[in-house]
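The next block holds one structure in the form of structure tokens; read it before the comments.
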Amino acid sequence: MEIAPLGDSALIVRVRESFDGAPDETLNAVLATRRLLENAQLPGVIELAPAYTTVAIFFDPVLIVAAGAKPNEVFDWLAERIRKVISNAKEVRADRIKTSLVEIPVCYDAEFAPDLEEVARRAGLGAQEVVDLYNATEYRVHCIGFTPGFPFLGGLPSKLATPRRSTPRKEIPAGSVAIGGAQAGIYPVKSPGGWNLIGRTPLRLFDPQKKPPALLRAGDRVRFRAISREEFEQNKL
Amino acid sequence: MSATVIRAGFLSAVQDLGRAGYRQFGVSLGGALDPHALRVANLLVGNEESAAGLETTFGGLKLRFADERLVAWSGGEFDARSGSTLLPAGHPVLIREGEELVIERPKTGCRAWIAISGGVEAPLVLGSRSTDLRGNFGGKDGRVLRDGDKVTLGRNSERAKILTERLREEKIARWKPPHDWSSPAKREPTLRIIRGSDWNRFDDAAVQRLTADKFIVSPDSDRMGVRFEGPQLKRNDLVDLVSEAVAPGTIQIPPSGKPILLLGDCQTIGGYPKIAHVITVDLPMAAQLRAGDEVRFGEVTLVDAHQLLINREQNLEQFRHGLQAHFS
């Protein structure tokens, strides 16, 4: 497993070389590696950040030296301990990753879905068919990033894949449900963005007052359910 | 007690040392773009190093204090005054009830950090008082300061009270920390870098230009990152990269070939190739870059980067120790 510096205060553990061939297996291996590293509580480590094929480890070089590393061996000292943690585990039990299924209600009214027609046109489907196909699919959160709480969802039916807009929008409302290339996602906070908007959820995906602050975590499974405009307004927080 | 923001200036906000621990939820580190400067300023006024202070970009900030406070600031080459008294960077100053602190526009650099004894008492959100300007939380209601805002201040520490008594006559302390700690701005800085994991995706000409040519800071820069005009660095391959973690200091190369140096408010993951990383001890200079500045990059080793950081921390420990005399 490759371990590479990410500047002088972080490193990246490359769990898999690529992601496309086996997205689910890759995700499980990343999450299992993260859990091993989390449980190991290595000295000087500040936090772990998983992404598609990697787990990033942020650390404080000063604390690594305080823990016994020579100042000219900080990276090697930590990398060696990371390798030990990973290789000492009898096996990375990817099957034991606990995932929850989260249902996201979405209102697909035209007002919330300025790009639904474009997605439908490219797919050669009607707008309602796009919505039905989108809702019939189970997605998985491959990572959280871009903005606080933004889930990158894998599992989008290939028919619905739609390139990002050539000019990003300056402001996308919070809760917007979107397609960007072969991925689906939800904008948790108002932000600029280039994905195609097909609906909006009344749920808050990110609330800094909550623990944890994000509704979704890497590994979670997600399903969308169509709701009426009325139901959207009732559930809007 | 509190301080009133008479003028907020171009962009001023509450910041501490950042919001570590929430990258897995997409939350940026944020915090003071030069955390070392804020730590030093806090020490100078008898605060915990992690206390929240104010960060101002391009100045124009005017505060009025409702009670007696020690204040110290560090950052770019700003004119700072209290009444008719000029306040140089890195010197603790006693500001009395009703007096004002003014930070004008900078001659060099663009940001300053202001530590106030007692610290800024914004609520802790996800373990930090920093303002997250993209997520709109933390700091003062999740936003930049506005004219008329009241900034709540904590209680002066015992240390602050001791130094306050000492400064009653002279007002400004004559001692200060090492120059680079309180005044990190340079007109034409060379930022030291180490190679990034995608260094080899660029051909020899591109990596040579990175360390030989000058880059000009673009106006399209902010707390998320500094964009550069100048040489365009083209990749060897066109492989689509899978997004992975980025960090403050990361230099990524988008398809335009124009480098982007990420700063404290950068997003947690990114998909552009990472050609290099500015080392931690040079991030204070990076945080001072403004449109038109000319920058060079110089390569060092990872071991150099760690050694420099460890040395700085040892010097800070000595400085902290030396401060005892002024606070006892």
Side-chain angles (χ1 to χ4, degrees), chain A residues 2 4-12 14 16-20 26 34 46-58 60-62 64-66 69 71-76 142-152 188-191 206-209 211-214 216-218, chain B residues 19-29 123 125-126 132 134-138 142 193-198 240-251 262 267-271 274 276-281 283 300-314 316-317:
Chain A
E2 189 204 353
L6 174 73
D8 57 28
S9 302
L11 55 79
I12 284 185
R14 205 167 296 290
R16 289 285 185 275
E17 270 314 307
S18 74
F19 157 81
D20 292 341
T26 304
R34 174 181 70 173
I46 298 164
E47 63 179 308
L48 304 177
Y52 288 95
T53 57
T54 55
V55 178
I57 300 186
F58 290 81
D60 182 345
V62 174
I64 303 276
V65 170
N72 59 352
E73 291 175 357
V74 169
F75 179 80
D76 293 338
H142 284 285
C143 61
I144 302 280
F146 175 57
T147 60
F150 187 103
F152 289 88
V189 293
K190 187 173 71 180
S191 70
F206 183 81
D207 182 350
Q209 303 301 338
K211 251 187 172 175
L216 298 169
R217 294 190 74 155
Chain B
R19 197 164 268 118
Y22 294 90
R23 281 183 162 100
Q24 59 169 315
F25 300 110
V27 178
S28 308
L29 176 65
V125 182
L126 301 176
D132 187 312
R134 289 198 304 150
N136 299 117
F137 59 89
I193 55 168
I194 56 173
R195 292 180 183 198
S197 50
D198 299 307
D240 220 4
L241 300 177
V242 177
S243 289
E244 58 187 35
V246 293
T250 298
I251 301 176
L262 299 180
Q267 56 196 67
T268 54
I269 58 168
K274 301 182 281 290
H277 304 268
V278 170
I279 66 176
T280 301
V281 295
L283 288 178
V300 296
T301 66
L302 180 56
V303 168
D304 293 337
H306 286 148
Q307 195 66 63
L308 288 161
L309 182 57
I310 290 156
N311 290 350
R312 186 180 74 175
E313 199 62 26
Q314 281 167 350
L316 184 63
E317 179 55 37

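A, B, ... follow the sequence lines: proteins, then strands. Residue 1 opens every chain. As the structure is a prediction and not an experimental result, all values here were calculated from the model.
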Considering only heavy atoms and a distance below 4.5 Å, find which of [options] pairs most often with chain B.
options	result
A:Pro188, A:Pro61, A:Pro151	A:Pro61
A:Phe58, A:Phe19, A:Tyr52, A:Phe206	A:Phe58
A:Val189, A:Thr53, A:Thr54	A:Thr54
A:Pro50, A:Pro71, A:Ala49	A:Pro71
A:Phe150, A:Phe75, A:Phe152	A:Phe75

Identify which part of [X] has an atom lying under 4.5 Å from any heavy atom of chain A, answering side chain, backbone, both or neither.
X	value
B:Leu302	side chain
B:Ser243	both
B:Glu313	side chain
B:Phe25	both

**Message:** Between B:Leu308 and B:Arg312, is the side chain to side chain contact (heavy atoms under 4.5 Å, CB included) condition met? List the steps.
**Reply:** CA-CA 6 Å; B:Leu308 288 161; B:Arg312 186 180 74 175; over 6 Å; no

Where on [X] is there a heavy atom nearer than 4.5 Å to chain B: the side chain, the backbone, both, or neither?
X	result
A:Glu2	neither
A:Leu6	both
A:Thr147	both
A:Leu48	backbone

**Asked** Taking it one step at a time, do A:Arg217 and A:Ile144 satisfy side chain to side chain contact (heavy atoms under 4.5 Å, CB included)?
**Response** CA-CA 7 Å; A:Arg217 294 190 74 155; A:Ile144 302 280; 5.7 Å; no

**Request:** Walk me through it: do B:Ile269 and A:Cys143 pass the test side chain to side chain contact (heavy atoms under 4.5 Å, CB included)?
**Result:** CA-CA 9 Å; B:Ile269 58 168; A:Cys143 61; 3.6 Å; yes

**Fill in**
Highest number of heavy-atom pairs under 4.5 Å with chain A among B:Ala20, B:Ser197, B:Gly135 belongs to B:Ala20

